[in-house]
Each structure stands twice: as structure tokens, then as C-alpha cells.
Amino acid sequence: VQLQASGGGLVQAGGSLRLSCAASGRTFSTYHMGWFRQAPGKEREFVAVASWSGASTSYADSVKGRFTISRDNAKNTVFLQMNSLKPEDAAVYYCAASFLFTTVPSNFNSWGQGTQVTVSS
């Protein structure tokens, strides 16, 4: 599956952004979908994952209660709603697809190109 992330931008602390990740192919609904982020000089870190149906989700502790992952299988799209953004949320955000419901980056088979999120204080 090929993935295209979008929706990043510049936002003030406390603001919101909604990231989207559009997938090509007819197998999107068979994948669990995740969001990861990578800040300069840091390793890529898990943010959120949704099961193939969207019924199960998991979040990093740092974003729990502020971010929401969801998906629309009819539109082959997964979303990340980010509220109450903090400067430490600034990073390049990547969407990824996996056959496993996992938080481990190496278990994801396909990756989008990333979208930049900048949060001003």
C-alpha cells in the first residue's frame, strides 16, 4: 500500500491540527494504521495506532487525551486529530501500515513521506 500524509503546518501552542493519510490500493482495510513522529536529533517515536476496523486504538502516553486516531475505510484514509498542541509535539509526522497491531516501527511495512508539524510557543 502507498501512503500520502498531509495536513501539517504551523500552529500556536494550544491549537489544533488534523493530519490525514490517504492510501492507495484496495487492501487498506486489512492494515492496522499507525502514526509516528520524529523530531530533529531524535529517534522516530510511536504516536498512535488504530486496528484495521478502527475499533481498537493505542496511544503514546505523551499524547493520550489530546490526540485521536480514526480511519475511514471507505475513503482509504486515516486521520490524526491533534488538540492542545505543545511545542514538544513539533516533528515530522509519518503514517504507516502494518499487518500487526503494534507500536514498534520496524513492524510497519509501508510508510508515508511525512508531514511537518511546527508548534510555536
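Values below: all heavy atoms of this structure, side chains included; hydrogens, waters and symmetry mates excluded.
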In plain terms, say whether Lys86 and Asp89 are close enough for a salt bridge, that is, a side-chain N and a carboxylate O under 4.0 Å apart. no
Tell me, yes or no, whether the heavy-atom count around Gln2 atom CD, taken from other residues, nucleotides or ligands under 6.0 Å, exceeds 12. no
Same cluster (ILVMFWY, side-chain, under 4.5 Å), Phe79 and Val117: no
Smallest separation among heavy atoms of Val63 and Arg37, with atom names: CG1-NH1, 3.9 Å
Any donor-acceptor pair under 3.5 Å from Gln113 side chain to Ala5 backbone: yes
For Leu100 versus Ser98, what's the shortest heavy-atom pair and its separation? N-OG, 2.9 Å
Would you indicate whether Lys64, at its atom NZ, is surrounded by more than 12 heavy atoms from other residues, nucleotides or ligands within a distance under 6.0 Å? yes
Distance col, row Arg71:CZ vs Thr57:OG1, nearest 0.5 angstrom, shows 12.0 Å
So OH of Tyr93 and CZ of Phe67: to nearest 0.5 Å the spacing works out to 4.0 Å
Over all atoms of both residues, closest heavy-atom pair of Ser16 and Gln81: CB-NE2, 3.9 Å
Say you draw a straight line from OG1 of Thr77 to CG of Leu19; how long is it, rounded to the nearest 0.5 Å? 12.5 Å
Any Phe99 side-chain heavy atom under 4.5 Å of Tyr31 side chain: yes
To the nearest 0.5 Å, atom CD of Glu45 lies from atom OH of Tyr94 at 12.5 Å
Check whether any side-chain N or O of Ser121 sits under 3.5 Å from a backbone N or O of Pro87 as a donor-acceptor pair, and report yes or no. no
Please report the closest heavy-atom contact between Leu3 and Ala97, naming both atoms and the distance. CD1-N, 3.8 Å
Minimum heavy-atom separation for Asn73 to Phe28, with atom names? OD1-CE2, 3.1 Å
ILVMFWY cluster, Ile69 and Val47 together (side-chain gap under 4.5 Å): yes
Using the rule that two of Ile, Leu, Val, Met, Phe, Trp, Tyr join whenever any of their side-chain heavy atoms come within less than 4.5 Å, decide whether Trp111 and Phe46 are in one cluster. yes
Quick check for you: to the nearest 0.5 Å, what is the distance between Met33 atom CE and Ser70 atom OG? 11.5 Å
Can you list everything that forms a side chain to side chain donor-acceptor pair (under 3.5 Å) with Asn109? Sequence neighbours excluded, please. none
Verify the cluster assignment for Phe101 and Phe36: are they in a single hydrophobic cluster under the rule of side-chain heavy atoms below 4.5 Å apart? yes
Can you name the closest pair of heavy atoms from Val11 and Leu17 and give their distance? CG1-CD1, 4.1 Å
In this structure, would Tyr59 and Met82 fall into the same cluster of hydrophobic residues linked by side-chain contacts under 4.5 Å? yes
Out of curiosity, Asp72 CG to Ser29 OG, how far, rounded to the nearest 0.5 Å? 11.5 Å
